[in-house]
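Here the structure comes first, spelled out in structure tokens, and everything after it is commentary.
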There are 2 protein chains.
Amino acid sequence: MPSQRALTFNPGTFLKKIGKCSTSRGYRNKELIFAQGEAADAMFYVEAGNVKLTVLSKHGKKAVIAIFRQGDFFGEGCLGAPSLRMSTATAVRPSTIVRVEKIAIISIIHDDPLFARLFIAHLISRVTRTEEDLLDQLLNSSEKRLARTLLLLAGFGTQSKPHPAALKVSQGTLAEMVGTTRSRVSFFMNRFRKMGLIDYNGSLHVHWAVLNFFLHK
Amino acid sequence: MPSQRALTFNPGTFLKKIGKCSTSRGYRNKELIFAQGEAADAMFYVEAGNVKLTVLSKHGKKAVIAIFRQGDFFGEGCLGAPSLRMSTATAVRPSTIVRVEKIAIISIIHDDPLFARLFIAHLISRVTRTEEDLLDQLLNSSEKRLARTLLLLAGFGTQSKPHPAALKVSQGTLAEMVGTTRSRVSFFMNRFRKMGLIDYNGSLHVHWAVLNFFLHK
DNA sequence: GGGAAACGGTGCAATATTGAACAGAAAACG
DNA sequence: CGTTTTCTGTTCAATATTGCACCGTTTCCC
């Protein structure tokens, strides 16, 4: 019953398989990893630090698609039809990133059926996550979206650890994630604080239980 | 150089491989294919007709995630960790739908590396498409989003055939796709008509070249 | 240390969007 | 064929959102 086996995509196992076909490298804060428009020829893995994926529209408006943390993969787009990067990846703090050549992954997919299956499960979870983001946009007001973004940043929903504080994300970035303006984010953040959903004097602390209640009622 | 081979996911080839593990069936207009909350244990393929994927939020608001047409797959979610359907699939006209059991796909993935690779490419393209939808929400006004939705419905961007008219989609459905209200859709549709971007008396005709120009300027 | 840059709080007028209502036209159905 | 449902055009007041501006504070970098 192979279908009953655990389907969690284990980055450790994966990286072991990749072995010599990957290269690890440090990035400074704000350093570019890849840029929108470049050819996509490799995938990446966050060994330490954080990475921001942004898109710049024709009209100069910016949006943040995702923020990755330790253990996340990004840049999977290279495995589809040959294409260009849709987004720009930037380190948002000193980070260690593993680069895996497209050709290496393809060959593992070819040689290891179990890996292929896990990788597919991984992609499905990415589709699911992206669809949730889309639905959030379609269904909720910017206030709710901000609340959800804060919860996710606090690590809510990720395994067992409702992350302490972790990410330092500016209100500007929050605005680009939520799809609104910075002044609006500032307004809501203060409201959340008054309502006791979050604390912040310098660093942010999310009261996830209360905030989660707020989000769903 | 296997990576240079065409990566287009060919449904025909795929279905041939599936062979006896799939069942084809007709659906009446508005008939349910699967419902939000059910266990996800199969994937589907549109042999003829159209299928609408909808989500109902806790607060009774509805959103349309996608409309599938001949040759499209949907319900891939079953290949991830065992989970429930996030959305409801409904036929939006008399349709013929092929159902492929999860176990069948998994076994093909296991036995046929080339198929696994193609399937991964297919998933990547779905991620890409979903991210584009998300970006559209983050960056554009509802008027632009409606314009884009109309273009996509008209088959713009799909291979070589800027589809003639095809889908009959009500303004209500358009609103749920775009993420706005029906009255707003009605307003914009009339504006588009006055601007010569579309025609419609009974059936809709999209002047894709002009509409596309409008969308990008 | 000190200047520059980024960040956060706030106000505000111009727009965009919602949500609900009503009526006529078209389409589906028995 | 009539009736019931769905679809469309339209209105309108209440809200939500934008885009900008200004200013004090913090952070970063030389």
Measure [atom1]/[X] against [atom2]/[N] and give the value in whole Å, please.
X: B/Arg193; N: D/dT8; atom1: CZ; atom2: C1'; answer: 10 Å
X: A/Leu138; N: C/dT18; atom1: CG; atom2: C1'; answer: 15 Å
X: B/Lys30; N: D/dT5; atom1: NZ; atom2: C1'; answer: 8 Å
X: B/Phe187; N: D/dC7; atom1: CZ; atom2: C1'; answer: 19 Å
X: A/Lys168; N: D/dT26; atom1: NZ; atom2: C1'; answer: 13 Å
X: B/Leu174; N: D/dG9; atom1: CG; atom2: P; answer: 11 Å
X: A/Lys194; N: C/dG8; atom1: NZ; atom2: C1'; answer: 13 Å
X: B/Leu146; N: D/dT8; atom1: CG; atom2: C1'; answer: 14 Å

Can a side chain N or O of A/Asn190 be found less than 4.0 Å away from OP1 or OP2 on C/dT10?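 Yes.
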Presence of B/Tyr200 side-chain N/O under 4.0 Å of D/dG9 phosphate oxygens OP1/OP2: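 Yes, within the criterion.
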Got A/Asn140 and A/Arg148 here, is their nearest side-chain heavy-atom distance under 4.5 Å?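 A side-chain contact is absent here, since even the closest heavy-atom pair is not under 4.5 Å.
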Indicate yes or no: at least one non-hydrogen side-chain atom of A/Leu204 is less than 4.5 angstrom from one of A/Leu150.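 Sidechains of A/Leu150 and A/Leu204: in contact.
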Please find out if less than 6.0 Å separates the ring center of B/Phe214 from that of B/Phe192.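 Yes.
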Within a radius of less than 6.0 Å around CZ of A/Phe213, do more than 12 heavy atoms belonging to other residues, nucleotides or ligands occur?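 Not more than 12 within 6.0 Å, no.
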For the NZ atom on A/Lys144, are there more than 12 heavy atoms of other groups (residues, nucleotides or ligands in this structure) within a distance under 6.0 Å?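 Yes, because the 6.0 Å sphere around NZ of A/Lys144 holds more than 12 heavy atoms from other groups.
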How do A/Val169 and B/Asn140 order along DNA chain C: which one's closest nucleotide is nearer the 5' end?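 Checking each residue's closest nucleotide, the 5'-ward one belongs to A/Val169.
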Over 60° means perpendicular and under 30° means parallel, so tell me whether B/Phe119 and B/His122 are parallel, tilted or perpendicular.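 Geometry flag for B/His122 against B/Phe119: tilted rings.
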Kindly indicate, with the supporting measurements, whether the criterion side-chain hydrogen bond (donor to acceptor under 3.5 Å, both in side chains) is fulfilled by A/Ser125 and A/Thr128. CA-CA 5 Å; A/Ser125 79; A/Thr128 304; over 6 Å; no
Tell me which residues in residues 177-186 of chain B lie within less than 4.0 Å of DNA chain D, going by non-hydrogen atoms.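 Going residue by residue through residues 177-186 of chain B, the ones with a heavy atom under 4.0 Å of DNA chain D turn out to be B/Arg182, B/Ser183, B/Ser186.
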With respect to the side chain of A/Ser170, which nucleotide from C/dG8, D/dT17, D/dT8 is positioned closest?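 Side chain of A/Ser170 sits closest to C/dG8.
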Looking only at the side chain of B/Gln171 (C-beta and beyond, no hydrogens), which of the listed nucleotides C/dG9, D/dG9, C/dT17 gets closest?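 For B/Gln171, the side-chain atoms sit closest to D/dG9.
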